[in-house]
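Counting convention: from 1, in listed order, for ligands and their atoms alike.
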Amino acid sequence: MTAEALLDSGSNSSSTNSLFSLNKRDSYSSIVDHYLGEVDDESSALTLQYASRGRRFSSVSQAPPQLPAADDKLVVILVGLPASGKSTISNHLIQHFNQDNRTVHLRCKTFNAGQTRRKLSCRSGVMKLANKSADDLFNPKNSQKKDQYAKLTLDQMFSELDDDTCDVAIFDATNSTEQRRAFIFERLRLYNADMNRNYQITPVVLQVSCTDRAFVRYNIHNKTFNQDYFDKPYEFAVRDFAKRLAYYHSQYIPFTSGEFNTQVTEGKVIGEDNGLFWFSVINAGHSSSSESLEKHFPPKATHYLGELIGSITSFVDSYYDLYARQYVQDVQTFAKNKFISRGALDVPTNSSGEIPYATILHEIVSDDYFSKLN
Ligand SMILES: Nc1ncnc2c1ncn2[C@@H]1O[C@H](COP(=O)(O)OP(=O)(O)O)[C@@H](O)[C@H]1O
Ligand SMILES: O=P(O)(O)OC[C@H]1O[C@@](CO)(OP(=O)(O)O)[C@@H](O)[C@@H]1O
């Protein structure tokens, strides 16, 4: 099945939104241009069939440890529910790469599907409210619409990797279904098999999960100040985000070793084995993984790839100590407080100009709410 068919299968909705009625093969840039009136002649549609070729990884002796091998790129595929900490942890990963001798020279960039959505659908800067379920992007019935933003973001990512403007690309989306991830892996294999492409890309899955209810409440609270919700009343924002999260829970399939093995096998079968790596951060590193996380090096892995994977391994292993202690303290402090000032925003407050957030948060994101999540 092709990458396009993979994403289209399983989705039975048809959209009337003009963005989605554009030709599937329109690139991110051309669609952004269409909407924002910017000029950019980039085209990154993937239309090829697999064309197997020899790997172009340099041998160990050719690749100085501090420098990227000429044709090696890394894509970090984030997997995790909304508000699990994906964007925060990926920013920390970039900070870590910038400080690690092995990776300090790398140009890292995040490609965020949520930003693409906001850029294209919140043109006034404000997220429009869905009046009916057919307009609600996060309702699983409308997953095809959300997939379009992910596809555009991926197009942009491949285009920038191929233009050599970054070495490590982080694909920041929930990527919460197996079907979505199969699509991404398929796109990566197509890229690697394309004789006209300049690089070879190795995928890394970074699964981020958050099961601690105090962490989830704190994270949702912080989400209500982001670009989707800054203009909306606190209670509305919490309710809307909680609904979004419940939708995601209803279709979330975590990455597993079974899926890992399937993807490794697929790469070998078509002769495009670029390796695959899987890492996991649970509760900001406060909990450890019960699963055996997997590393599959490609047949001609370079020293450079080994250094990169070593750097990510040390990041994940020390994540809590180096990046999350303050966060855990903040969650504890937050759990003790009851009010917050919401600045000049026109939202209901008490007589001191504060929002009784704890009451609202615990009423909506209640223990009952958690127990009903799938
Ligand atoms: N590891 C973490 N360190 C610090 N803050 C975090 C962490 N994880 C989550 N948060 C808080 O939760 C909020 C939501 O996290 P975010 O990274 O945006 O989640 P996601 O990208 O999965 O939707 C952040 O704005 C931040 O305040
Ligand atoms: O397409 P998926 O994988 O769901 O991911 C993109 C979506 O993730 C979200 C989930 O809330 O990310 P973000 O919080 O970064 O804004 C949405 O904004 C965005 O539309």
Proximal ligand 2 atoms for N175, defined as those under 4.0 Å from one of its heavy atoms
3 (O)
Atom 13 (P) of ligand 2: which of K86, K223, K145 has the nearest heavy atom?
K223
Considering both backbone and side-chain atoms of D228, is one of its nitrogen or oxygen atoms within less than 3.5 Å of a nitrogen or oxygen in ligand 2?
no
Just so I know, are the side chains of Y248 and T174 near enough to count as touching, which here means a heavy-atom distance under 4.5 Å?
yes
Could you list all the side-chain hydrogen bond (donor to acceptor under 3.5 Å, both in side chains) pairs where at least one residue sits in residues 204-214, not counting sequence neighbours?
T211-N283, R213-D367
Check against side-chain hydrogen bond (donor to acceptor under 3.5 Å, both in side chains), S87 and D172
CA-CA 7 Å; S87 299; D172 186 355; 2.6 Å; yes
State, with a plain yes or no, whether a side-chain heavy atom of Y327 is found less than 4.5 Å away from one of H286.
no
With sequence neighbours excluded, residues passing ring pair (Phe, Tyr, Trp, His ring centres under 6.0 Å) with Y323:
H92, F315, Y319
F241 six-ring face occupied by K223 cation (under 6.0 Å, within 45°)
no
Would you please indicate if the ring centroids of F277 and F297 are separated by under 6.0 Å?
yes
Mind checking whether Y248 contacts ligand 2 via backbone (N, CA, C, O), side chain (CB onward), both or neither, at a 4.0 Å heavy-atom cut-off?
side chain
T202 side chain near L308 side chain, heavy-atom distance below 4.5 Å
no
Within the 4.0 Å heavy-atom cut-off, what R180 brings close to ligand 2 is side chain
Just so I know, are the side chains of T153 and F171 near enough to count as touching, which here means a heavy-atom distance under 4.5 Å?
yes
Heavy-atom contacts with ligand 1 below 4.0 Å: which residues, ordered by chain and residue number?
L81, P82, A83, S84, G85, K86, S87, T88, I89, H92, N219, N222, K223, A284, Y319, Y327
I'd like to know whether ligand 2 has Q227 as a neighbour, heavy-atom separation below 4.0 Å.
no
For the residue pair Y357 and H221, establish whether any side-chain heavy-atom pair is separated by less than 4.5 Å.
yes
Which residue pairs pass the salt bridge (charged side-chain N to carboxylate O under 4.0 Å, His left out) test when at least one of the two sits in residues 74-86, sequence neighbours left out?
none
Heavy-atom nearest neighbour of atom 19 (C) of ligand 2 within options G114, P82, S87:
G114
Can you name the atoms of ligand 2, numbered from 1 with element, that are less than 4.0 Å from a heavy atom of R117?
16 (O), 17 (C), 18 (O), 19 (C), 20 (O)
Does ligand 2 come near enough to R244 that some N or O of the ligand is less than 3.5 Å from an N or O of the residue?
yes
Looking at side-chain heavy atoms only, is the closest gap between N261 and H296 below 4.5 Å?
no
T174 neighbourhood, listing ligand 2 atoms whose heavy-atom distance to it stays under 4.0 Å:
2 (P), 3 (O), 4 (O), 5 (O), 8 (O)
In ligand 2, which numbered atoms sit nearer than 4.0 Å to a non-hydrogen atom of A113?
6 (C)
Considering the heavy atoms of K146, write down every atom of ligand 2 situated less than 4.0 Å from one of them.
1 (O), 2 (P), 4 (O)
